[in-house]
Structure formats: C-alpha cells, structure tokens
2 protein chains.
Amino acid sequence: MFNMEPEVLERFTWYMREQSALTVMFHARVAEQMGLSATDEKCLDLAMRADGPLTAGRIADLSGLSTGAVTGVIDRLERAGYVRRVRDPHDRRKVLVEVTVGDVDKFGEPFEKARDSMVEVLGHFDEDELQVIERYLKLQTETFRKRVIDT
Amino acid sequence: MFNMEPEVLERFTWYMREQSALTVMFHARVAEQMGLSATDEKCLDLAMRADGPLTAGRIADLSGLSTGAVTGVIDRLERAGYVRRVRDPHDRRKVLVEVTVGDVDKFGEPFEKARDSMVEVLGHFDEDELQVIERYLKLQTETFRKRVIDT
DNA sequence: ACAAAATGTCTTAGCGGCTAAGATGTTCAA
DNA sequence: TTGAACATCTTAGCCGCTAAGACATTTTGT
C-alpha cells in the first residue's frame, strides 16, 4: 500500500466526526417530526430495518434497553399507530412487533430532504466514480460494524 | 447528467440508513465508555468540535436542550473532569465551557477502533480513488448540513 | 406425565434528567 | 440612574429508565 500522509487521515477523521454529529441531529429531527422520543424512534428504526418482525426481547438486546423499558416503547409506538403487537403462534410467551406502516420514505420531511440531498450529491459524480463511492460505503459499513459495534 | 437507475439509489439509501444506525450505536458506546449519558456526550462533542469555547446558552441552542438542562450537563461534565466553567471576562453573565482534555483520540477504545477501522477501509483504495471519496465526503457533509439540518 | 427450571414479557418502586417558570446577577439603553 | 434585556441557575413536577420480581408459557429431567 502507498504512503498515506497524516493530514489526509486527519481530514477523513474530521469528515467522519462531522457526519457522525449530523447523523445524531438528523435522528433527533426525524423523531421530533414523528412525535416520538429519540429512544422510540431508534427502536422503530430497528424494527423497520430487520428482516422479519422482532420480538420485544430482541429489541431490548439491540437497543440496550431493559425489557421493562421496551414494554413502554412498544406501548407508545402501538398507541401512535406505528406498530402492532402479535403473539408468536409457535411460542406464545413471545411478542412479535410488526411494523404497520408501508413505505419508509413516507416518514416525513426529514427523510425526503435526506434523500434529495443524497441525489444532489451523487449527481456530481460519473458512473466510475459512483462505483468507487459505493465500494467505499459498502466496505465502510461492513468494517465499522465488525470492528467497532460487534466488538 | 447520466441516467441513474432506481436500484442504485436504493442501494445507496440502504448504506446511508445502515451507517446512520451504526453511528447512533457508536455514540452510545463512546458515552458508556466515558461514563456519560448520551446527552452529556453529545454536548461534550459539540464543545470539542467548536472553534473556541462555547457558552452554556450556545450549547442549549445547538443541543436543543433547555438552559436548565444544560446547567446539569455542565455540572456533570465538570465533575467528571472533562470541562471547566470560566466566566467570560467581557460579559460576566456568560459562562464559557472550556474542554480540559487534550487529544480527542485519547477518548477511549471506541474512538481508536473507529480510527483503525477507517484506516483499514481506506487502505483498499488507491490515491485517485481516495480523492473521489474525499470529494464525496466533503460534499455529502456540506450538502446534508445545508439541506437537512439548517433547514 | 409431571414437577422444576428456564424463558419471555409485563408490572412496579424508586431514581434521575428534562421542561417550564421564575430567581439572580450582569449589561445595555434612554 | 433606572428599567429592560440578557445569560445562567434554581426549583417543582413530570416522564422514562433500571432493577427486581410477578406472571404466563415452554423446556428439561426423571
């Protein structure tokens, strides 16, 4: 591998830090717009990004909340119409949390703005460059999850 | 501009969403490792990323917290040794929040892991590709801030 | 088949942080 | 100089979180 100067690394670090802070603010905006707390929005996001419906306990694990707290989260999400409790027919102790809203992108102004913003940015790159960027994003998310989150 | 297929857009949306969720988890890890709440860590991050010291009121604005809450945040950060209260000599009503820790990267394991992870990822690209990625990151953060956060 | 242990969720008590309103101290303007 | 504006702190009340245990269901061991 060629020699990467420290300044380059420093600039990249800055971008990551900046993007990181922007992301936290973005989540706060989305939550506010949906009439949810940051916690509730985070749990709803988990439920939406999962393959199938999650159990209450799995949401507790993924979110880091206690099971008691998750009960409250699901109560509020259910009351607001975002999810529905369904008892698992194969194990009636379990509660499956089913998301009852369709298209993710319908989730208010912040999401639309974020999408528009992304389209605008990507418009500044040609096809070859987009392939580089996609390779980067894919590798970045995978590596970050493996090395930082999944400890 | 050339024609961008919907699937490409969808894949990029997925990466952004994934990265977004990972970032939120990352902040939770960092906060936990520092013995701080998510709120306190967010405020400390604001103070660290600012040019000079911020006032308590400015932190309230930027964080979206009430001034009363910020008083508590600064109390806890000060007690934990991360910041120091300094009265502004030019306007003694104001309280400047001075960060009293040096290198940002000393901030615990998660930060180091994140940095290592970034280095590993960037190692998979040559110099030309890195320039594309940097251009993308710069444009992305700027555009996102302008279009989504600063409404 | 039955009892005991394990599992998954919900309930409750107690704690701590948040908001809103107002108190306190400082600066600005007439 | 005096009243208004400003910046922060204090306080009361509320709400969500954790920890512990209750309840219902499933699994295990005999």
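Reminder, nothing fancy here: chain letters follow the sequence lines and each chain counts from 1.
When the side-chain nitrogen and oxygen atoms of B:Arg58 are compared with OP1 and OP2 of D:dT8, none of them lie within a distance under 4.0 Å.
Atom pair B:Leu77:CG and C:dG17:P shows a separation of 12 Å (rounding to whole Å applied). The distance between atom CZ of B:Arg92 and atom P of C:dC28, rounded to the nearest whole Å, is 13 Å. Distance A:Arg87 CZ to C:dT9 P: 8 Å, rounded to the nearest Å. Following rounding to the nearest Å, B:Asp88 (CG) and D:dT8 (P) show an atom-to-atom distance of 9 Å. If you take CD1 of A:Ile74 and C1' of C:dT11, they are 14 Å apart, rounded to a whole angstrom. Whole-Å rounding puts the A:Arg79 CZ to D:dC15 P distance at 11 Å. Taking atom CG of residue A:Asp40 and atom C1' of nucleotide D:dC17, one finds them 12 Å apart after rounding to whole Å. Summarising the geometry, the separation between CG on A:Asp75 and P on C:dT9 is reported as 13 Å, rounded to the nearest angstrom.
Each of A:Thr39 and B:Gly57 lies near DNA chain D, and the nucleotide nearest B:Gly57 is the one positioned closer to the 5' end. If A:Gly72 and B:Gly68 are placed on DNA chain D by their nearest nucleotide, the residue sitting closer to the 5' end is B:Gly68.
Listed nucleotides: D:dC9, D:dC17, C:dT9. Nearest to the side chain of A:Val73: D:dC17. Distances from the side chain of A:Ala69 to the nucleotides C:dT26, D:dT8, D:dT18 place D:dT18 closest. Minimum atom distance to the side chain of B:Thr71 is reached by D:dT8, of the listed D:dC17, D:dT8, C:dT11.
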Before you tell me yes or no, could you show the steps for A:Gln19 and B:Phe144 under side-chain contact (heavy atoms from CB on, under 4.5 Å), namely the whole-Å CA-CA distance, both residues' side-chain angles and the distance that decides it to 0.1 Å? CA-CA 9 Å; A:Gln19 199 165 48; B:Phe144 196 82; over 6 Å; no

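Around CD of A:Glu109, the count of heavy atoms belonging to other residues, nucleotides or ligands within 6.0 Å does not exceed 12.
Using a 4.5 Å heavy-atom cutoff, the side chains of A:Val95 and A:Thr55 are not in contact. Proximity of A:His27 to B:Thr23: side-chain heavy atoms (C-beta onward) are nowhere separated by under 4.5 Å.
Donor-acceptor pairing under 3.5 Å, judged by distance alone, is present between the side chain of A:Thr67 and the base of C:dC10. The base of C:dT27 has none of its N or O atoms less than 3.5 Å from a complementary donor or acceptor on the side chain of B:Arg93.
Atoms CG and CG, from B:Leu96 and B:Asp88 in turn, are 4.5 Å apart once rounded to the nearest 0.5 Å.
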